[in-house]
Amino acid sequence: MFNVLNLKRSTKISLAAASALLVIPLLTTSFTGTSNENPMVMAHAEELKYASKDIALNPGSNESELRFTWYSSANPEKAIVQIAKKSDMTGNVFPVDKAKTFAGTASQAATVGANVYYSNKVTVTDLEPSTQYVYRVGDGTNESWSSVYNYATQRSDQYSLMFVGDPQIGASGSVSKDQAGWTNTLNKAVAKFPNFSYIMSAGDQVNTATSEAEYDAFLSPDVLRSLPIATVVGNHDTSVNYKYHFNQPNESTKYGVTNASGDYYYTYGESLFMVLNTNNTDGASHVQFMKETAAKFPNAKWKFVTFHHDIYGAGPHSTESLITNLRAALFPTFDELNVDVIFMGHDHSYVRTYVMKGDIPQKNQLIDSKGRVVNPTGSMYITANSASGSKYYELMVTPEVYSEVRTQLKVPTFSTINVNPYSVSVDTYRTDTMERVDTWSMVKTSLPMLQGLVEEYISKRDLKSGLSSQLINSLKQAQHQFDKGSKTQAVKFVQDFLKHLNNEAMQKNVTQSAKDVLADAAEELVLSLTAQ
C-alpha cells in the first residue's frame, strides 16, 4: 500500500553523517544559526541524508488524537507517521498492511554548524481508548523509517497525569547531569505509575532558549517515545526553537503570542485544559483566550490551567512586579470561570495554596472523612519544584498568607494528577525515596452531578434496568424536596439511593467500579447537604 510513498531517494547515511548524529545529543553548547562546534565532527549538509531524532509526542485536541514532532537531517518531501494496533504485529515486524498512514508538514528549523535540520509535524486521529499501538516516523521511503515505538491510549473518564516543573536542562552547568536527573525522574515515576495518560510540564524545558543540545537532552529519555508531554513556554524557552520541537493543538495566533508559541487548549474526556504563554505579559490577552475557550465547552466537568510564572509561589520571584501584576490580571477570571486547579512552575520550590477566591485564602472548607475538600469555594494553585534537580531556589523567609504547604527538599519531585468523574487528587513525590510528600484532593458533588453519573453508567451498560429505575426515582424525589427547600427530606432520598445501590439482590445489575463511584459520590452529597 505504500508504493506511492516510495520516493526512490537514497537514504544511506555516510560515516561522517552518522558520526554527526551520534555526537549531537552529547554537545552542551548552544545550537543557533552560528556555532562554535568543531566543523570536523559535523557532516556537511549535502552529506546528511534522511534520519530522524528528537521524536516528541504531544496531546491532540482531544483524547482520540496524538501529535508528533521530530527532527530530520534532510529536507523531506513528506512527513509521515504510520501507526497500527500492537496486536497486529507478528514478532517484531511492523504490520504495514494494517497500519494507518498520516501525513503532515516539514519546515526548516535549526542550523547546527553546516547542518540544517527540519521540523516534522503530524497529527494522528481516531485513536481508540485503552488500546496498545505501535508507530514509526519518516518521510515515507522504505529506507528512512525510525525504530518502531509503543504507545498506549488510556481511559478518558478516569485517568492520571504526571505533572513536572522546570527540568531546565543545562541550568546546573552540566547538560549530562541534568539529563540524568530528568531521565531518572521520568523512569521512576512511570515505573511506579505505568498508566499515565501524558505528562504536563510547567515550562523551562531548557536553560538556553536556542540550545539544541539541551533540547536533545530534554527529549532523550526513552519514556518520551511512548508518553506525550504537554509543555508550557517558560522564560528560558523563549526562542523559536521551542516551536520547532512541539506540536500544540488549537494554538492561538491571537492570544498570548510570542515567537515561541501562543496560548492553546485541549480536552481530555470531560476535562478542559487551557495553557497560557505567560512570557506574553498581556493579562487581558490571556483573559480573553480563557473566556472564549471556556465558552466552547460549557459542560466541562473540570477546568485546569497551566502556565509558567507562579502567581502564588514561595520563591524569590514571587514578589516581583511581573508576578504580582500577572496575579491581579488572572485570578478574577479563574474565579469567574470556576477553574478547579492551576499548575505552575518558575520558582523551583513546591507550594500548594489554600483554596483561593478573590485573592483571599478560603480556609473554612468542608472536609470529608478522607481529608478531601467537598465542593471547594474557589481554586487551588500548585507550583512544582524542579523535576531534574538542575536548580533550586530557597523559600522566602516569611511564609505567604496563601501557602498551605511550602517546601524546598532540594530533591527532584513530580506530582500525579488523578481525575475521575467527581474527584481530583494531586499527590507529590520525591524521587530519591519515592515517598509521597504532599497530597490534596477535592470532590464535586450535587444532585445534578449524581444524576449525570447514573445516566452515564446506564449508557455504558454498567447499570441495568431494575436498579437503575430505583436510583433514578430516588434522585428525582431528592431533587423535588431540595427544590422545595427541604434539605432534610432530600438527604433522606439520597440515603434511599444508597440503600438501593447496596441491595444484595441488585448487585447483578451494577458493575463494581460503577457502584464504588456512585456510592462515594452519594455519601459526599449527603455530607454536603447536611452541612448546608
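Along the sequence shown, the residues carry numbers beginning at 1.
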Counting the benzene-type ring for Trp, do [X] and [Y] have ring centres under 6.0 Å apart?
{"X": "Phe414", "Y": "Tyr429", "answer": "yes"}
{"X": "Tyr71", "Y": "Tyr215", "answer": "no"}
{"X": "Phe297", "Y": "Tyr265", "answer": "yes"}
{"X": "Phe334", "Y": "Phe331", "answer": "no"}

Under a 4.5 Å cut-off applied to non-hydrogen side-chain atoms, are [X] and [Y] in contact?
{"X": "Asp54", "Y": "Tyr117", "answer": "no"}
{"X": "Leu463", "Y": "Glu455", "answer": "no"}
{"X": "Glu65", "Y": "Leu127", "answer": "no"}
{"X": "Thr293", "Y": "Lys303", "answer": "no"}
{"X": "Arg136", "Y": "Phe94", "answer": "yes"}
{"X": "Lys86", "Y": "Asn150", "answer": "yes"}
{"X": "Tyr151", "Y": "Val134", "answer": "no"}
{"X": "Tyr268", "Y": "Pro59", "answer": "no"}

Considering only NZ, NE, NH1 and NH2 on the basic side and carboxylate oxygens on the acidic side, decide whether [X] and [Y] come within less than 4.0 Å.
{"X": "Asp157", "Y": "Lys460", "result": "yes"}
{"X": "Lys53", "Y": "Glu212", "result": "no"}
{"X": "Glu63", "Y": "Arg155", "result": "no"}
{"X": "Lys444", "Y": "Asp340", "result": "yes"}
{"X": "Glu143", "Y": "Lys49", "result": "no"}
{"X": "Asp139", "Y": "Lys78", "result": "no"}

Side-chain donor-acceptor pair present, [X], [Y], cut-off under 3.5 Å:
{"X": "Asp166", "Y": "His346", "answer": "no"}
{"X": "Thr278", "Y": "His309", "answer": "yes"}
{"X": "His236", "Y": "Glu214", "answer": "no"}
{"X": "Ser441", "Y": "Ser425", "answer": "no"}

Between [X] and [Y] (side chain of the first, backbone of the second, donor and acceptor by atom type, cut-off under 3.5 Å), is there such a pair?
{"X": "Thr153", "Y": "Thr131", "answer": "yes"}
{"X": "Asp438", "Y": "Asp427", "answer": "no"}
{"X": "Ser119", "Y": "Tyr244", "answer": "yes"}
{"X": "Ser459", "Y": "Glu456", "answer": "yes"}
{"X": "Asn58", "Y": "Asn247", "answer": "yes"}
{"X": "Asp237", "Y": "Gly234", "answer": "yes"}
{"X": "Ser72", "Y": "Ala51", "answer": "no"}

Does NZ or CZ of Lys515 come closer than 6.0 Å to the centre of the six-membered ring of Tyr457, within 45° of the ring's axis? no
Take the angle between the ring planes of Phe273 and Tyr198 and call it parallel below 30°, perpendicular above 60°, tilted in between. perpendicular
Between Phe196 and Phe193, how do the two ring planes meet: parallel, tilted or perpendicular, split at 30° and 60°? tilted
The side chain to side chain donor-acceptor pair (under 3.5 Å) partner of Tyr242 among Thr210, Asn279, Thr231, Asn277 is Thr231
Find the distance between OG1 (Thr125) and CG (Asn62) and round it off to the nearest 0.5 Å. 9.5 Å
Rounded to the nearest 0.5 Å, how far does CD1 of Ile55 lie from CZ of Phe68? 8.5 Å
Could you check whether atom NZ of Lys188 has more than 12 heavy atoms from other residues, nucleotides or ligands sitting under 6.0 Å from it? yes
May I ask you to check whether over 12 heavy atoms, not counting those of Asn259, lie within 6.0 Å of atom CG? yes
Which pair of heavy atoms, one from [X] and one from [Y], lies closest together, and at what distance?
{"X": "Tyr266", "Y": "Gly60", "result": "CB-O, 3.3 Å"}
{"X": "Ile229", "Y": "Ser201", "result": "CD1-CB, 4.1 Å"}
{"X": "Met274", "Y": "Ala294", "result": "SD-N, 4.4 Å"}

Quick one: list whatever passes side chain to side chain donor-acceptor pair (under 3.5 Å) with Asn509, sequence neighbours left out. none
